[in-house]
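Note sheet for the following structure.
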Amino acid sequence: MTLTVEEMEYIKNELGRDPNPLEYGMLDIMFSEHCSYKSSRPVLALFPTKGEKVIIGPGDDAGIVDLTEDLALVMGMESHNHPSAIEPYGGAGTGIGGIIRDIISMGAMPVALLDSLRFGPLEDQRSRYLFEYAVKGISDYGNQVGVPTVGGEVEFHENYRLNPLVNVVCAGLVRKDSIIRGIAPNVGDVFVLMGGRTGRDGIHGVTFASEELTSSSELESRPAVQVADPFTKKQVMEATLEALEEIDIQGLKDLGGGGLTCCISEMAAKGGNGALMELSKVPLREEGMTPYEIMLSESQERMVFVVKPGDVEILLAIFQKYELSYAVIGEVTDDGLMVVTREGEVMAELPCELLADPPLVEREAREPVRDDEYVELVDSSADEALLALLSSLNIASKKWVYRQFDHEVQIRTVVKPGDDAAVLRVDQERGFTLTTDCNNIHCYLDPYHGGAGAVAEAIRNVVAMGSEPLCMVDCLNFGNPEKPEVFWQFKECVQGMSDLAHRFNLPVISGNVSFYNETEGVTVNPSPVVGVAGVMDLKDIRTTPFKNEGDVIILIGHTHPELDGSAYHKTMHGVMQGKAPQVDIEAEYQSAQAVLDLVKNDDQGSITALHDLSNGGLGVALAEMALEGGLGAVVDLSSVPGNLDMTPIQVLFSESHSRYLLTVQEGSAHEVITHLTGNGVPTASIGRVEGKMLVIDQAGLTINVEELKNAYQGAVEKFMS
Amino acid sequence: MKVGIIRFPGSNCDRDVFHVLGLVGCEGEYIWWNQRDLSKFDAIVIPGGFSYGDYLRAGAIAAITPVIDGIKEVVKEDKPVLGICNGAQILAEVGLVPGVFTLNENAQFICKWEEMEVKTTRSPFTRLYKKGETIKMPIAHGEGRYYNPHIDDLKDQDQVVLSFVGNNPNGSIEGITGVCDLDGRVCAVMPHPERASESILGSDDGIKFFKGMVNY
């Protein structure tokens, strides 16, 4: 049980009595960090959440932004970290199920998934097991439901070994006149529960998510992991879409963390109403379930519809067609109370507001004392370093992962996994891009710049496809917020993310906070994972690979001597300390605008490739463009914009932000450079696409493209096959 | 031309097939698994997905639904029937095409674009290709490894429709990934022609499957 003494006092005061055991359980769940955001809410208020495109911001199951004349883009993000640490197959699968339901709840068709995965090193047997089965869980679930998994990212780091992170973004499309919300607006409407039956699984899932894990968690907490059932989910999805076509649904919400307690009380509270609910109506999977179990169960694949009594018959006929269980379980009342009865006898009676709006908790934040002395390191050979970086797991191709995901179903996927961001079409002319990002080492070394950097990198990914950033979602994974050092990391990260998002007018439309990612004294690195969507004309798509011999390679943005926290330091020296790359917000904005401006005005198609710089810096970005295009390049580092006093290793592997690489047809290169430098954007031609070798004389680097490809491909496979 | 698109619980490429039928000027209509009378349709497509969650094995439960009786009638009337991915598995399970599609050699789901050769053009779905032509389409399946102990008969009777070129991703016997019945009108393919029917998606090599069906 997790209610604090102060919270119990507050509850007794509000009620004027002690809660009974069922009420206590309901309050316990609603006061959990997972449901209430009681620690994080004041900090999250920093985010920009408004904008002319925002239709629904944070607070509902998912956020919604304007996309085309008729359509809106729905987007949400969720974590399923603790369940995946205990039972990776079911944990990861149900994580997908939960976020898909959130999208459906807004009346939308889910059209894309992205997975953001963080695991321990694959050298470790347990990490391999967790990783393999989490990927399999995602594959079996996402593929069956028929929602393409179009992107995501994977990071490996020692301190995710016992506490992996499984974060999922889901995007959906909805007609603007068909948006539904999780609300019970009219007294007299009825609640219809539909989908899977209610069983004993997932009880205390949210309280389990709001505590640290221990070595005995695997045994003790398995019952708190829900069972994945993608087949039923598909039926739930189809039935919901059909119901949305057929009748005027007043409110719709999925059952996730907190089960019926959370779903019904939040809908009623949002409508300013109350709810009366009869337990004997709930279709159960097992006999003898107590009211406590029914109200707290987190069994999957369930939805609650709020409809006018006259519409019930049509609704039930649809559910019958899809062979789903269903029941009218209660009605919307006007007294603001959530009343739970069994055979008419009152079992619980609590104000909806008390359940849905627990008091905030003020947490102490304190900057940790850390040894962040810069270490003097001897430069490695550039050849060796580049090949090692390309085959390091955080950079190497993730084909082993995305091959197992159906990324084509729904025939929208124009740019497939493996590029900077996925591009999906809306119609023949318009599309949207999706990406997720976070660099946990940067966030550990400097939560402010790491947080800002996560948003910056996600924006760069979207811009590097030729698309304009539209909105952002996030999943903030941290340790125990009751520890001042952890809470400090959280505040700093959010501040950095927020400052960057404000500059880009990029609204945060939905998100999720996952605290307590600690196991046996190991706290995960702060991992504020960012999902960004962009909007674009499909004719503006620019991809990573080099296209033609002779094209000029242009670098945009300053390179600083920022090797601390880099993939180079980690891979070549095993060092993760020092000062993380700093985000110059103005420079980031300027670079992005310059690139978008170029692409939008490039009617001739003279910009032939576009890629952003992040993990592994310039060296890795050049290599990726070469190996994907099967073409080499001759590169001159002397004109790279930035500090002149850098070693070739610094220039090649610094992870400075605000940078993009592009290739331009020879005839247009001069014009592009003049235009950019004229606008004050640091720009230089650094070489040209040529032959089958990547040649960088100053670094003494000459590597065959085939060799680059071999290093980049097959690194994950080596551990997993 | 009216084309029936069979829907089982778990079908997930039904809307995609509907979309592509529209591109070739066909009128698609969804048919729920409990329908038996398909006489008003000129052709039938069984789209991909995971009918009944692939429980037992892919296609096993769909194969004993009423709509299969309807499809058998359609076959008797010499109208074209195309099964894609899970649809192919169902046609094999029912026995309307020879052989079986079983677990991929690497026991994993594989989603990937592959090159394949058109081995016969006598099927309505391949009549617009050239025999021996190489085309590019994506596969996306966990149980797509084709096996048939009577492989020589299959070849003698010109029942191989598609086979992989250069790479055999799922371990199919002789790389075979599409087969037809004796007269070629019932066709089962593991790759997804509907996902390769518009160049913006990577290739329009697959659209001839649908164009060939029109006015056959």
Side-chain angles (χ1 to χ4, degrees), chain A residues 109-111 132 135-136 138-150 228-239 241-242 321-324 399-418 423-425 427-429 431 538-539 541 717 720-721, chain B residues 7-20 22-23 30 32-34 47-55 58 61 84-86 104-114 137-143 169-170 191-204 206-207:
Chain A
M109 170 81 181
V111 299
E132 179 177 355
V135 169
K136 190 165 170 49
I138 293 166
S139 164
D140 282 357
Y141 201 104
N143 295 348
Q144 278 212 34
V145 178
V147 182
T149 300
V150 297
D229 183 358
F231 176 64
T232 303
K233 159 58 54 55
K234 180 72 166 54
Q235 296 287 84
V236 166
M237 186 170 114
E238 293 292 342
L241 292 172
E242 192 166 324
K321 171 182 166 188
Y322 287 94
E323 298 174 54
L324 294 161
K399 214 173 256 178
W400 183 85
V401 180
Y402 63 74
R403 275 279 172 272
Q404 299 186 51
F405 303 154
D406 189 342
H407 45 77
E408 301 282 347
V409 65
Q410 296 196 23
I411 51 174
R412 278 194 190 85
T413 320
V414 176
V415 176
K416 331 279 183 192
V423 182
L424 290 98
R425 65 170 173 176
D427 50 40
Q428 295 309 93
E429 282 91 40
L538 295 176
K539 69 173 176 50
I541 292 178
E717 286 82 349
M720 302 311 296
S721 55
Chain B
R7 262 184 168 170
F8 297 102
S11 298
N12 67 24
C13 303
D14 40 352
R15 292 180 180 87
D16 302 354
V17 167
F18 184 92
H19 171 83
V20 174
L23 295 181
Y30 297 119
W32 196 230
W33 60 273
N34 58 7
F50 290 77
S51 58
Y52 299 93
D54 273 1
Y55 291 125
I61 299 174
I84 303 168
C85 198
N86 190 227
N104 292 349
E105 201 169 40
N106 72 351
Q108 284 177 352
F109 188 93
I110 306 171
C111 178
K112 198 166 180 249
W113 283 74
E114 289 288 355
M137 299 199 288
I139 58 164
H141 57 244
E143 297 178 38
N170 56 19
H192 287 268
E194 84 281 13
R195 297 182 181 185
S197 287
E198 292 161 273
S199 53
I200 185 127
L201 298 176
S203 163
D204 59 0
I207 200 160

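Everything numeric in this text was worked out from a predicted model, so none of it was measured. The figures here come from the full heavy-atom set of this structure, side chains too, leaving out hydrogens, waters and symmetry mates. Each chain gets a letter, A, B and so on, in the order its sequence line appears, and its residues count up from 1.
- If you measure heavy-atom distances from Y52(B) to chain A, the contacts under 4.5 Å come from both the backbone and the side chain.
- Taking D229(A) as the reference, T232(A) meet the side chain to side chain donor-acceptor pair (under 3.5 Å) condition, with sequence neighbours excluded.
- In this structure, the portion of R425(A) lying under 4.5 Å from any heavy atom of chain B is its side chain and not its backbone.
- K234(A) and E238(A) are joined by a salt bridge, as a carboxylate oxygen and a charged side-chain nitrogen come within less than 4.0 angstrom of each other.
- The part of T413(A) that comes within reach of chain B is its backbone (N, CA, C, O), which places non-hydrogen atoms under 4.5 angstrom from that chain.
- Comment: R412(A) does not engage D16(B) in a salt bridge, judged by the lack of any side-chain N to carboxylate O separation of less than 4.0 angstrom.
- Side-chain atoms of D140(A) never come within 3.5 Å of backbone atoms of P230(A) as a donor-acceptor pair (strictly under, hydrogens ignored).
- Residues passing the ring pair (Phe, Tyr, Trp, His ring centres under 6.0 Å) test with W33(B), sequence neighbours excluded: none.
- Of the two parts of H19(B), only the side chain, counted from C-beta on, holds a non-hydrogen atom closer than 4.5 Å to a non-hydrogen atom of chain A.
- Between chain B and the residues Q410(A), E323(A), R403(A), the largest count of heavy-atom pairs under 4.5 Å involves R403(A).
- Heavy atoms of I541(A) lying under 4.5 Å from chain B are absent altogether.
- Only the side chain of Q235(A) comes within less than 4.5 Å of a heavy atom in chain B; its backbone stays farther off.
- Interface residue S11(B): only backbone heavy atoms are found under 4.5 Å from chain A.
- For Y30(B) and F18(B), the gap between ring centers is short of 6.0 Å.
- Taking A196(B), P9(B), A140(B), S197(B) one by one and counting their heavy-atom pairs under 4.5 Å with chain A, the maximum is reached by P9(B).
- Ion pairing of E717(A) with K399(A) is absent here, as no side-chain N (NZ or NE/NH1/NH2) approaches a carboxylate O to less than 4.0 Å.
- Only the side chain of K416(A) comes within contact range of chain B, with heavy atoms under 4.5 Å apart.
- Distance alone, capped at 3.5 Å, places no donor-acceptor pair between the Q108(B) side chain and the N104(B) backbone.
- Heavy-atom distances place both the backbone and the side chain of R195(B) under 4.5 Å from chain A.
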